[in-house]
Amino acid sequence: MYDPTVARLTYRGLLGRRRALVLGALPVLLIVISAVVRALTGADDQVAHDVLGGFALATMVPIIGVIAGTGAIGPEIDDGSVVYLLAKPVKRPTIIFTKLIVAIAVTMAFSALPTFVAGMILNGNGQQIAVAYTVAALVASIAYAALFLLLGTVSRHAVVFGLVYALVWEALFGSLVSGARTLSVQQWALAVAHKVSDSSLVTSDVKLPTATVLLVVVTVAATWYAGRKLRTLTLAGEE
């Protein structure tokens, strides 16, 4: 189910000079903000929660997920080079699964690690806040990568739709409409973080069993459907 050649090509596409700069911009900004805030306010659990929850998990992680998830396959479909990949004797589900693993790894590397570093800077992992938000970033990276890989497979405007979901649905509607939070990857990840943290600051509107089921279902369903759409794309190209 994992093809090293497809993985190498995907890594090369995602971590090219220009895309790597875009991926690295938000993590660097998070760490800089954390250092400035720590210098101005000292170690404060509430401030750490606000920065990690309001910027790292709510903004940085989904945007990096959009870039990594859609970038794992979207550009190849747009420029037509996916035809050469599909001509290889590699099963379509293997292609999707390999690209998903790469997208997850890149999203985790550029989101979870900076989140942990920022948390340690802000309050030295007081009340396990840094670890909790790091776990949330890891969990969210999996679901975001699967969702946005699917978007990259089915739409030429995947980046736009991904940003609308991440910044409008989760950030805007999620803060205004309580029912929308049930369909929020961020809230599912926070449910896991709440279990890890010793702090009452880290909370979620979704219970852990529900969040776990939704995370698994969304990840598996998105991956399966992306593989199905890629198979359909092959048939369309042959016709």
Side-chain angles (χ1 to χ4, degrees), residues 7-41 47-76 78-79 99-123 129-130 132-149 151-152 155-172 174-175 184-186 189-190 193:
R8 184 174 64 254
L9 293 173
T10 306
Y11 275 119
R12 185 181 301 172
L14 281 178
L15 300 178
R17 183 178 303 175
R18 185 175 303 176
R19 196 178 295 272
L21 289 175
V22 175
L23 284 168
L26 284 175
V28 170
L29 180 59
L30 171 64
I31 292 174
V32 170
I33 289 174
S34 300
V36 172
V37 169
R38 175 61 185 266
L40 294 175
T41 65
V47 171
H49 160 70
D50 292 341
V51 173
L52 297 180
F55 181 75
L57 188 61
T59 302
M60 183 185 73
V61 179
I63 289 178
I64 290 176
V66 169
I67 297 171
T70 62
I73 195 169
E76 293 175 317
D78 290 342
D79 63 19
K99 287 182 174 294
L100 174 63
I101 295 299
V102 173
I104 290 173
V106 170
T107 306
M108 286 181 172
F110 282 89
S111 61
L113 181 58
T115 297
F116 179 74
V117 172
M120 294 301 293
I121 292 172
L122 286 164
N123 76 334
I129 289 177
Y133 276 106
T134 299
V135 171
L138 290 170
V139 170
S141 294
I142 299 172
Y144 281 134
L147 280 173
F148 298 137
L149 178 64
L151 280 178
S155 174
R156 292 181 178 272
H157 307 289
V159 174
V160 175
F161 291 139
L163 291 175
V164 167
Y165 171 80
L167 301 180
V168 177
W169 177 263
E170 292 210 344
L172 181 60
S175 63
S184 167
V185 174
Q186 179 186 340
L190 281 172

Going by the side-chain hydrogen bond (donor to acceptor under 3.5 Å, both in side chains) test, which pairs reach into [range], not counting sequence neighbours?
{"range": "residues 25-37", "result": "none"}
{"range": "residues 113-123", "result": "Asp45-Asn123"}
{"range": "residues 138-149", "result": "Ser111-Ser141, Tyr144-Glu170"}
{"range": "residues 50-63", "result": "Gln46-Asp50"}

With sequence neighbours left out, what residues match Ala146 under side chain to side chain contact (heavy atoms under 4.5 Å, CB included)?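 Partners of Ala146 by the side chain to side chain contact (heavy atoms under 4.5 Å, CB included) criterion, ordered by chain and then number, come out as Leu100, Thr219, Ala222, Thr223.
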Tell me, please, which residues at least two apart from Leu151 pass side chain to side chain contact (heavy atoms under 4.5 Å, CB included). Phe148, Ala158, Phe161
Minimum heavy-atom distance [X]-[Y], with the two atoms named:
{"X": "Ala145", "Y": "Thr107", "value": "CB-OG1, 4.5 Å"}
{"X": "Arg19", "Y": "Gly13", "value": "NE-O, 3.5 Å"}
{"X": "Ala189", "Y": "Ala136", "value": "CB-O, 3.4 Å"}
{"X": "Leu149", "Y": "Ala72", "value": "CD1-CB, 4.0 Å"}
{"X": "Ile73", "Y": "Gly152", "value": "CG2-C, 3.8 Å"}

Evaluate the side-chain proximity of [Y] to [X]: yes if any heavy-atom separation is below 4.5 Å, no if none is.
{"X": "Val66", "Y": "Tyr165", "value": "no"}
{"X": "Phe110", "Y": "Met60", "value": "no"}
{"X": "Leu52", "Y": "Leu57", "value": "no"}
{"X": "Met108", "Y": "Ile142", "value": "yes"}

To the nearest 0.5 Å, tell me how far Ile121 CD1 sits from Arg38 CZ.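 Rounded to the nearest 0.5 Å, the CD1-CZ separation comes to 9.0 Å.
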Could you state the interatomic distance from CG (Leu147) to OG1 (Thr70), rounded to the nearest 0.5 Å?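 It is 12.0 Å, given to the nearest 0.5 Å.
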Return all side-chain donor-acceptor pairs below 3.5 angstrom for residues 25-33, not counting sequence neighbours, or 'none' if the list is empty.
none

Which residues pass the side-chain hydrogen bond (donor to acceptor under 3.5 Å, both in side chains) test with Thr10, not counting sequence neighbours?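 side-chain hydrogen bond (donor to acceptor under 3.5 Å, both in side chains) check on Thr10 returns Lys99.
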Residues in salt bridge (Lys or Arg N to Asp or Glu O under 4.0 Å) with Arg18, at least two apart?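 Counting only residues at least two positions away or on another chain, Arg18 forms no salt bridge (Lys or Arg N to Asp or Glu O under 4.0 Å).
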Taking salt bridge (charged side-chain N to carboxylate O under 4.0 Å, His left out) as the cut-off, I'd like each qualifying pair that reaches into residues 104-113, sequence neighbours left out, listed once. none
Is it the case that more than 12 heavy atoms not belonging to Phe116 sit under 6.0 Å from its CZ atom?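 No, not enclosed.
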